[in-house]
Amino acid sequence: GENVEQHPSTLSVQEGDSAVIKCTYSDSASNYFPWYKQELGKGPQLIIDIRSNVGEKKDQRIAVTLNKTAKHFSLHITETQPEDSAVYFCAARQYNNNDMRFGAGTRLTVKP
Amino acid sequence: DSGVTQTPKHLITATGQRVTLRCSPRSGDLSVYWYQQSLDQGLQFLIQYYNGEERAKGNILERFSAQQFPDLHSELNLSSLELGDSALYFCASSVNPAGTGDHGYTFGSGTRLTVV
């Protein structure tokens with residue numbers, strides 16, 4: 001089955017700096033890679049996803065890159081703000097498969 | 001509000017007891033997924049139902065069971081509870097069986113279970 005590893009487990013940045021979270025996956029058949037943000041006391045919320053037919057996707061200050069050859073994908077947050085502080089989870093799955101595996105999460109702290 | 005409703009929000013119970021967690025999916029979603037999140041741990045997939053039928057099983061203990069009812073709400077039953085079962089239990093829903101499409105998975109706010 002799929003195994004997703006996520007690094008780092010904690011990340012602290014100054015407001016305005018960029019933050020990068022990296023994930024690797026093991027199953028070469030995986031082709032759907034979502035990212036979720038979990039704020040304190042809330043459930044994870046989908047913030048961006050990427051499918052294997054593209055290498056990069058951007059949505060305002062958030063971007064995700066995918067390297068299928070190396071089986072890794074990354075979340076990039078630019079111009080970080082205190083409200084970006086949360087736990088971020090990556091996940092991987094075959095597009096039409098139910099078995100979505102999550103990374104262990106990254107606790108991002110943005111210092112004002 | 002994500003549209004996925006989980007009750008109760010908090011639950012404290014003793015070892016050996018049985019509890020039921022409830023989830024109402026987002027309107028129009030047919031799939032329900034249950035995840036367990038232990039302290040400082042990631043999300044562990046437990047089980048999925050689609051339109052009333054079990055669709056996929058993850059690392060769900062035999063002491064745990066779930067079902068999805070005709071109105072599409074789902075219940076997760078946890079029995080013979082142990083201290084290690086203390087965790088956040090999340091329900092997610094999606095419109096189709098594989099969680100693809102524009103919405104992917106929509107998570108509820110979770111039920112925090114504490115076993116003492």
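Values below: every heavy atom of this structure, side chains too, minus hydrogens, waters and symmetry copies. First the proteins, then the strands, lettered A, B, ... as listed; each starts at 1.
Heavy-atom pairs under 4.5 Å with chain B peak, among A:Arg101, A:Gln38, A:Lys42, A:Gln45, at A:Gln38.
Interface with chain A: from residues 107-116 of chain B, residues B:Phe107, B:Gly108, B:Ser109 qualify, criterion being any non-hydrogen pair under 4.5 Å.
Atom CD of A:Glu56 has more than 12 neighbouring heavy atoms from other residues, nucleotides or ligands inside a 6.0 Å radius.
No side-chain heavy atom of A:Ser18 sits less than 4.5 Å from a side-chain heavy atom of A:Val13.
Proximity of a side-chain donor or acceptor of B:Asp29 to a complementary backbone N or O of B:Ser31 within less than 3.5 Å is not detected.
The contact between B:Gln37 and chain A is made entirely by side chain atoms (from C-beta outward), counting heavy-atom distances below 4.5 Å. Both the backbone and the side chain of A:Pro44 come within less than 4.5 Å of a heavy atom of chain B.
Salt bridge status for B:Arg55 with B:Glu53: absent, with no side-chain N to carboxylate O gap under 4.0 Å.
Looking at residues two or more places apart in sequence or on another chain, you find a side chain to side chain contact (heavy atoms under 4.5 Å, CB included) between A:Thr106 and A:Gln6, A:Pro8, A:Leu11, A:Ile21.
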Can I get a per-line list of side-chain donor-acceptor pairs under 3.5 Å for residues 10-25 of chain B, giving both atom names and the distance, sequence neighbours left out?
from    : atom 1 : to      : atom 2 : distance (Å)
B:Thr20 : OG1    : B:Asn77 : OD1    : 2.8
B:Arg22 : NH1    : B:His73 : NE2    : 3.2

Donor-acceptor pairs under 3.5 angstrom involving side-chain atoms of residues 56-70 of chain B: please list them, not counting sequence neighbours.
from    : atom 1 : to      : atom 2 : distance (Å)
B:Arg63 : NH1    : B:Ser79 : O      : 3.0
B:Arg63 : NH1    : B:Ser80 : O      : 3.1
B:Arg63 : NH1    : B:Asp85 : OD2    : 2.8
B:Arg63 : NH2    : B:Asp85 : OD1    : 3.0
B:Arg63 : NH2    : B:Asp85 : OD2    : 3.2
B:Gln68 : OE1    : B:Asn51 : N      : 3.2
B:Gln68 : OE1    : B:Gly52 : N      : 2.7
B:Gln68 : NE2    : B:Leu30 : O      : 3.2
B:Gln68 : NE2    : B:Leu72 : O      : 3.1

